[in-house]
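Written out below as structure tokens is the structure these notes cover.
In each ligand, atom 1 is the first atom listed, and ligand 1 is the first ligand listed. Throughout, numbering of the chain's residues begins at 1 and tracks the sequence.
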Amino acid sequence: MSTNDTKLGGRDLSGRRVLVPGGTGGVGEGAVRSYLAAGADVVVPTRTEQRAEEFRRVLGDAATDRLHLVVHDYTSFAGAEGLAAEMRRSLGGIDDVVAPIGGFWSGRRLTEIGESDWRTAFVELATAHAAVMRACVPHLSPSGAYCLIVGESATTPVPTAGLVSMEQSALLMMQRVLTAELGGDRRVFALVLGPVRTRFAADAGPGWITADEVGAVAVAASAGSLPGREIQLRDRAAAGRAIALLRDGTSRVEPVVTMSTMRPKPGRENELLDLLRELAPRIRAEPGCLRYSAHLTRDAGHPAVLILMEFESREAFEAHSARIAGQVSRIAALLETPPAPPALFGSDVATVSGV
Ligand SMILES: NC(=O)c1ccc[n+]([C@@H]2O[C@H](COP(=O)([O-])OP(=O)(O)OC[C@H]3O[C@@H](n4cnc5c(N)ncnc54)[C@H](OP(=O)(O)O)[C@@H]3O)[C@@H](O)[C@H]2O)c1
């Protein structure tokens with residue numbers, strides 16, 4: 001973990017008891033390193049002795065005596081209950097949980113999946129998450145945080161990886177329902193990740209968030225007092241913003257206004273307008289959407305559509321971008337040129353004094 005990453009989320013979590021099921025994985029490694037670096041006691045259950053040994057080697061010097069690597073199957077209700085009980089017995093409680101359980105699955109369209117695909121990619125992973133949540137959330141200390149880790153496929157359909165999208169989307173709803181049911185009693189976060197640079201995917205794009213940065217965001221969530229919420233971590237810049245938000249404890253929310261234009265292919269104008277009409281109610285219902293309007297030019301010779309949107313924060317706009325990504329190919333098919341990212345504008349300058 002770099003010094004910079006430590007600074008990003010770095011808080012003193014000495015004495016905190018943190019459970020990281022799935023901690024042996026690529027994303028989990030970042031969480032384990034970050035909590036150890038912040039001084040916490042970190043319990044990493046793994047289902048096999050071989051994985052335990054391998055992971056200890058991966059961590060090297062970072063595997064201090066505050067790392068509690070235990071061979072324990074936490075993926076069933078009984079297994080997770082047993083683990084939570086043992087952690088309370090041996091360490092006296094559970095303060096925080098980070099759950100990066102399970103990886104990616106792809107290769108078949110939904111109409112081609114078999115029952116074993118369904119069990120592997122949906123039932124087993126969803127069961128493991130539900131089991132850990134059920135065993136731990138009621139016992140979390142009041143200052144602690146539960147960070148559920150999911151991918152953007154939770155909100156964006158990925159053809160031939162639909163089971164992952166369905167499972168991740170169910171987990172995202174689990175976080176939302178928990179937040180509603182707990183009514184502020186416990187803090188449950190969903191960290192929604194774009195592609196992550198891990199030890200298994202070192203050859204990544206420059207903007208990819210790193211596993212250490214995901215860990216730093218989770219540490220910042222634990223160390224702060226911000227209520228649980230969905231946090232989009234699409235790239236490295238988003239990680240920095242999330243940590244600033246979690247660290248300050250308040251959101252320095254500034255609305256963003258966006259503007260984009262689209263020029264339909266000749267003869268496809270009505271199809272484009274129909275598609276925009278279809279999408280409008282969904283976009284207006286998105287969290288943080290303050291305005292969505294589409295305007296057709298009055299210049300009949302060169303039809304063009306102006307899209308104006310306003311979101312209560314940049315994070316809300318980014319969440320919208322992630323949600324709309326699955327529709328981009330439908331829109332692009334009707335345009336003369338591929339849709340460009342919209343121009344972003346800040347606060348209304350007319351309301352700033354002196355202007
Ligand atoms: N890697 C990415 O680019 C990326 C991007 C977006 C989102 N995510 C999300 O991050 C989470 C972790 O992903 P990852 O890339 O770190 O995965 P990973 O490297 O495969 O690690 C996942 C860990 O989960 C545990 N696990 C428990 N039950 C499992 C099951 N039935 N199948 C597979 N693993 C199981 C395993 O730990 P033990 O065997 O030791 O118990 C494993 O080490 C997932 O929710 C994923 O959707 C990852």
Side-chain angles (χ1 to χ4, degrees), residues 19-34 42-59 67-77 79-80 83 97-106 116-133 147-156 158 161-172 174-175 189-205 207-215 217-218 230-236 238-239 322 325:
L19 176 63
V20 190
T24 57
V27 174
E29 179 191 346
V32 172
R33 286 183 184 278
S34 299
V42 182
V43 175
V44 181
T46 176
R47 293 166 298 163
T48 66
E49 190 69 54
Q50 189 196 347
R51 292 275 290 172
E53 284 168 17
E54 195 183 295
F55 189 57
R56 196 176 284 284
R57 271 198 303 277
V58 165
L59 288 183
L67 171 72
H68 309 274
L69 196 50
V70 294
V71 177
H72 186 110
D73 188 350
Y74 51 91
T75 59
S76 66
F77 276 40
L83 176 67
V97 177
V98 183
I101 303 170
F104 201 63
W105 174 95
S106 70
S116 76
D117 298 320
W118 173 250
R119 291 206 172 283
T120 311
F122 193 100
V123 179
E124 286 177 14
L125 290 176
T127 303
H129 274 282
V132 170
M133 173 280 295
C147 285
L148 177 64
I149 307 286
V150 297
E152 281 183 331
S153 62
T155 52
T156 306
V158 182
L163 284 179
V164 174
S165 279
M166 289 169 67
E167 183 255 344
Q168 300 272 289
S169 158
L171 294 180
L172 200 50
M174 183 170 90
Q175 181 269 339
F189 293 84
L191 308 188
V192 186
L193 315 182
V196 184
R197 183 191 294 261
T198 69
R199 70 180 186 275
F200 302 117
D203 187 18
W208 283 28
I209 187 169
T210 67
D212 283 351
E213 285 163 345
V214 176
V217 172
E230 198 176 310
I231 296 183
Q232 303 292 327
L233 295 177
R234 179 175 242 197
D235 51 28
R236 308 194 70 181

What's the separation between atom [atom1] in [X] and atom [atom2] in [Y], rounded to the nearest 0.5 Å?
{"X": "I149", "Y": "Q175", "atom1": "CD1", "atom2": "CD", "result": "11.5 Å"}
{"X": "T75", "Y": "H129", "atom1": "OG1", "atom2": "NE2", "result": "11.0 Å"}
{"X": "D117", "Y": "F122", "atom1": "CG", "atom2": "CZ", "result": "13.5 Å"}

- Task: Work out which heavy atom in G30 is nearest to a heavy atom in S34; give both atom names and the distance.
- Result: O-OG, 2.8 Å

- Message: To check you understand the geometry: which heavy-atom pair defines the closest contact between T198 and V27, and what is its length?
- Response: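 Residues T198 and V27, closest heavy atoms: CG2-N, 3.9 Å.
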
With heavy-atom distances below 4.0 Å as the criterion, list the atoms of ligand 1 near [X].
{"X": "G22", "answer": "23 (C), 24 (O), 25 (C)"}
{"X": "Q168", "answer": "45 (O), 47 (O)"}
{"X": "G194", "answer": "5 (C), 6 (C)"}
{"X": "T46", "answer": "38 (P), 40 (O), 41 (O)"}
{"X": "I101", "answer": "24 (O), 26 (N), 27 (C), 28 (N), 44 (C), 45 (O)"}
{"X": "G103", "answer": "17 (O), 20 (O)"}
{"X": "I149", "answer": "10 (O), 45 (O)"}
{"X": "G151", "answer": "6 (C), 7 (C)"}

- Please step through side chain to side chain contact (heavy atoms under 4.5 Å, CB included) for the pair I231 and V192, ending with a clear verdict. CA-CA 6 Å; I231 296 183; V192 186; over 6 Å; no

Residue and atom name of the nearest protein heavy atom (relative to [atom]), distance in Å to one decimal:
{"atom": "atom 21 (O) of ligand 1", "result": "G25 CA, 3.2 Å"}
{"atom": "atom 39 (O) of ligand 1", "result": "R47 NH2, 2.9 Å"}
{"atom": "atom 37 (O) of ligand 1", "result": "T24 OG1, 3.1 Å"}
{"atom": "atom 16 (O) of ligand 1", "result": "V27 N, 2.8 Å"}

[atom]: which of [options] has the nearest heavy atom?
{"atom": "atom 41 (O) of ligand 1", "options": "Y74, W105, W208, F104", "value": "Y74"}
{"atom": "atom 19 (O) of ligand 1", "options": "G26, A31, G102, G28", "value": "G26"}
{"atom": "atom 31 (N) of ligand 1", "options": "V71, T48, L125", "value": "L125"}
{"atom": "atom 3 (O) of ligand 1", "options": "T198, L193, V196", "value": "V196"}
{"atom": "atom 43 (O) of ligand 1", "options": "E124, R234, R51, R119", "value": "R51"}

- Task: Start with the C-alpha distance between D212 and T210, add both sets of side-chain angles, then the distance that settles side-chain hydrogen bond (donor to acceptor under 3.5 Å, both in side chains), and finish with yes or no.
- Result: CA-CA 5 Å; D212 283 351; T210 67; 5.4 Å; no

- Message: Atom CZ of residue position R119 - does it have more than 12 heavy atoms of other residues, nucleotides or ligands inside 6.0 Å?
- Response: no

- Message: Run the side chain to side chain contact (heavy atoms under 4.5 Å, CB included) test on L59 and R33 for me, step by step, so that the C-alpha distance in whole Å, both residues' side-chain angles and the decisive distance to 0.1 Å come before the verdict.
- Response: CA-CA 8 Å; L59 288 183; R33 286 183 184 278; 3.9 Å; yes

- Query: Quick one: does V132's side chain get under 4.5 Å of Y74's, heavy atoms only?
  - Reply: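 Yes. Closest side-chain heavy atoms under 4.5 Å.
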
- Query: Any donor-acceptor pair under 3.5 Å linking the side chain of S76 with the backbone of G79?
  - Reply: yes

